[in-house]
Amino acid sequence: MNIGIIAFTATGFELTEQLSEKLRLSGHTAMPFRCGKNSLRIWTNEHFVSDDALVFVGAAGIAVRAVAPLAQSKVSDPAVIVIDERGKFAIPILSGHIGGANRLAQDIAKMINCIPVVTTATDCNNIFAVDTWASENDIAILNPDKIKWVSAHLLAGECVYVKSFFPIAGSLPEGLVVTDDEYDVILTVRSRGRKDALRLTPRILTLGIGCQRGVTADELDAAFELILKKGSCLEEAVCRVCSIDLKATERGILEFCTRHGLPFQTFTAGELAAVSGRFASSEFVKKTTGVDNVCERSAVLGSGGTLYVKKNAGSGITMALGIAPYTVRFMEE
């Protein structure tokens, strides 16, 4: 996590320096800041956008007023935590579940020996929090407005029915029931299914790309839309883009990946040729690149799994989707 920490007094700043060091030792990036005259708004505006979490060492009211104009959605807002300047309490006030503020507050409490004050209803009642679980397992929530309905039913002691297109291993949290019929929650990478259910999408698809030199990001966007439509797949399920190393500096692909926030990975012709499976074969592609198929083989190799959507070709672009092996686990065994 990238964590910004701000304090308002000398005592509070001493605490931010201690906490920053402990957070860095835990693998986070943490930068302490001593608030000066007229700097709170500037600091908050900058770090609310750039950081994963903000920690205010001081009064809760100051933090609330600072972040309130910026808060947009529980899906996108950073975690926000307040710690009193004496380091007695750590209080998550924004993005407790998806943003990870509750977990971070608990981690901070252990680091500085303070009390975490978690106020979200599911945590207070030890009820399964679907948004926390999804965030911790890299699962996209397509319609977060449905989270409240799921949590309310679990808090009321009612059953919530889950349909999964993937195998489920281990125990289920109390109140969750797996079903193949009517469901309240669906786990899938496909765009089909009830729109009024809470839709959860594991990020397990890899997009393989082959293309002529000089393709544009706009052309790749159009081809991407077509491959998603062909497989009835959700864009949110795609976690990376792969191709042959000849395309490592292809400007159109790099811009496409930046637009979609996807990492780009390339492989040698030898690595792609070694992938086992049945793929579309092209002598022209083999003569040009050294391997008979780029998009399907890179999709499979990048995913570590199998081919999910076969090659779609047009306008000098080929695309395919590979899917990683995936098992749903709600609880640690």
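In what follows, every heavy atom counts, from backbone to side chain, and hydrogens, waters and symmetry copies are set aside.
Taking 4.0 Å as the cut-off between side-chain N and carboxylate O, Glu182 and Lys163 do not count as a salt-bridged pair. Salt-bridge check for Asp218 with Arg259: passed, with a basic side-chain N closer than 4.0 Å to an acidic carboxylate O. Residues Arg297 and Glu271 are not paired through a salt bridge, judged by the lack of any N-O separation under 4.0 Å between the basic side chain and the carboxylate. Salt-bridge annotation for Lys286 and Glu283: absent, with no side-chain N of the basic residue lying under 4.0 Å from a carboxylate O of the acidic one.
Taking both residues in full, the closest heavy atoms of Ala299 and Gly322 are given as CB-N, 3.5 Å, listed atom of the first, atom of the second, then distance. The heavy-atom pair separating Arg86 from Thr11 by the smallest distance is NH1-CG2, 4.1 Å. Pairing each heavy atom of Pro263 with each of Cys239, the nearest pair is CD-O, 3.2 Å. The two residues Lys310 and Ala320 come nearest to each other via the heavy atoms C-CB, 4.1 Å. Counting all heavy atoms, side chain and backbone alike, Ser95 lies closest to Asp77 at OG-O, 2.9 Å. Closest heavy-atom contact between Thr289 and Ala269: O-CB, 3.5 Å.
Arg103 CZ: 12 or fewer foreign heavy atoms inside a 6.0 Å radius. Other residues, nucleotides and ligands contribute at most 12 non-hydrogen atoms within 6.0 Å of the CE atom of Met31. Shown here is Arg41, whose CZ atom has no more than 12 heavy atoms of other residues, nucleotides or ligands within 6.0 Å. In the displayed structure, Asp138 atom CG is contacted under 6.0 Å by more than 12 heavy atoms of other residues, nucleotides or ligands. More than 12 heavy atoms of other residues, nucleotides or ligands sit less than 6.0 Å from atom CD of Glu17. Environment of CG in Asn126: sparse, with no more than 12 heavy atoms of neighbouring residues, nucleotides or ligands closer than 6.0 Å. No more than 12 heavy atoms of other residues, nucleotides or ligands shown are found within 6.0 angstrom of CD on Glu174. Around NZ of Lys110, the count of heavy atoms belonging to other residues, nucleotides or ligands within 6.0 Å does not exceed 12.
Linking ILVMFWY side-chain heavy atoms closer than 4.5 Å, directly or via other members, places Leu155 and Trp133 in a single hydrophobic cluster. If you chain together hydrophobic residues whose side chains sit under 4.5 Å apart, Ile62 and Val55 never meet in one group. The hydrophobic clustering, which links ILVMFWY residues whose side-chain heavy atoms are closer than 4.5 Å, places Phe48 and Phe8 together. Residues Val215 and Leu246 do not share a hydrophobic cluster, clusters being chains of Ile/Leu/Val/Met/Phe/Trp/Tyr side chains in contact below 4.5 Å. Cluster membership for Leu198 and Val162, using ILVMFWY side-chain heavy atoms within less than 4.5 angstrom, is shared.
Here the side chain of Tyr183 pairs no donor or acceptor atom with the backbone of Ser164 at under 3.5 angstrom. The main-chain N or O of Ala217 is never found under 3.5 Å from a side-chain atom of Glu255 such that the two would form a donor-acceptor pair. Between the side chain of Asp52 and the backbone N or O of Asn2 there is at least one donor-acceptor pair closer than 3.5 Å. Listed for the Lys247 side chain is a donor-acceptor partner under 3.5 Å among the backbone atoms of Cys211. A donor-acceptor distance shorter than 3.5 angstrom exists from the side chain of Arg24 to the backbone of Ala30, with no hydrogens or angles considered. Between the side chain of Ser232 and the main chain of Leu228, no donor-acceptor pair closer than 3.5 Å is present. In this structure, Asp292 contributes its side chain and Val285 its backbone to no donor-acceptor pair below 3.5 Å. In this structure a side-chain-to-backbone donor-acceptor pair under 3.5 Å is present from Ser298 to Cys295. Between the Lys230 side chain and the Lys311 main chain, a donor and an acceptor come within less than 3.5 Å of each other. Formation of a donor-acceptor pair under 3.5 Å by the Glu250 side chain with backbone atoms of Gly214 is found in this model.
At least one side-chain heavy atom of Leu220 sits under 4.5 Å from a side-chain heavy atom of Met319. Here the side chains of Val309 and Cys233 are in contact, with some heavy-atom distance below 4.5 Å. Using a 4.5 Å heavy-atom cutoff, the side chains of Trp149 and Asp184 are in contact. Thr44 has its side chain within reach of Leu70: a pair of non-hydrogen atoms, C-beta onward, lies under 4.5 Å apart. Side-chain atoms of Ile244 and Phe267, non-hydrogen and from C-beta on, never get closer than 4.5 Å to each other. Contact check for Tyr161 versus Leu176: no side-chain heavy atoms found under the 4.5 Å cut-off. In this structure, Ser20 and Gln18 have side chains that are not in contact, with every pair of non-hydrogen atoms separated by 4.5 Å or more. Side-chain contact check for Glu85 versus Phe13: every heavy-atom pair is 4.5 Å or farther apart.
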message = What verdict does the ring pair (Phe, Tyr, Trp, His ring centres under 6.0 Å) test give for Trp43 and Phe56, after you've listed the backbone C-alpha separation in whole Å, the side-chain angles of each residue and the deciding distance to 0.1 Å?
response = CA-CA 11 Å; Trp43 183 90; Phe56 291 81; 5.8 Å; yes
Pair His47-Phe33, ring pair (Phe, Tyr, Trp, His ring centres under 6.0 Å): steps then yes or no = CA-CA 11 Å; His47 288 266; Phe33 178 78; 7.4 Å; no
request  = Decide ring pair (Phe, Tyr, Trp, His ring centres under 6.0 Å) for Phe166 and Tyr326; before the verdict, give the C-alpha distance in whole Å, the side-chain angles of both, and the deciding distance to 0.1 Å.
outcome  = CA-CA 7 Å; Phe166 313 99; Tyr326 188 74; 5.2 Å; yes
task = Decide yes or no on side chain to side chain contact (heavy atoms under 4.5 Å, CB included) for Leu104 and Ile3, but give the supporting numbers first.
result = CA-CA 10 Å; Leu104 182 59; Ile3 304 172; 4.1 Å; yes
ask   = Which is it for Arg203 and Ile139 under the side chain to side chain contact (heavy atoms under 4.5 Å, CB included) test, yes or no, and what are the steps along the way?
value = CA-CA 6 Å; Arg203 296 183 176 94; Ile139 295 173; 5.8 Å; no
key: Step-by-step side-chain hydrogen bond (donor to acceptor under 3.5 Å, both in side chains) determination, Asn293 to Ser281   = CA-CA 6 Å; Asn293 182 296; Ser281 182; over 6 Å; no
task = Go through the steps for Val189 and Tyr308 under the test side chain to side chain contact (heavy atoms under 4.5 Å, CB included), then give the verdict.
result = CA-CA 11 Å; Val189 296; Tyr308 191 63; 3.7 Å; yes
inquiry  = Before you tell me yes or no, could you show the steps for Val64 and Leu94 under side chain to side chain contact (heavy atoms under 4.5 Å, CB included), namely the whole-Å CA-CA distance, both residues' side-chain angles and the distance that decides it to 0.1 Å?
reply    = CA-CA 9 Å; Val64 170; Leu94 189 67; over 6 Å; no
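Neither side chain, Ser315 nor Glu219, offers a donor N or O lying under 3.5 Å from an acceptor on the other.
In this structure, the separation between CZ on Arg192 and CD1 on Ile186 is 11.5 Å, given to the nearest 0.5 Å. One distance of note links CG of Asp51 with OG1 of Thr29; it measures 9.0 Å at 0.5 Å rounding. For the atom pair CG (Asp131) and NZ (Lys148), the distance works out to 12.0 Å, reported to the nearest 0.5 Å. Distance CG/Leu205 to CD/Glu236: 11.0 Å, rounded to 0.5 Å. Distance CG/Leu234 to CG/Leu142: 5.5 Å, rounded to 0.5 Å. Rounded to the nearest 0.5 Å, atoms CD1 (Ile83) and CD1 (Ile115) are 13.0 Å apart.
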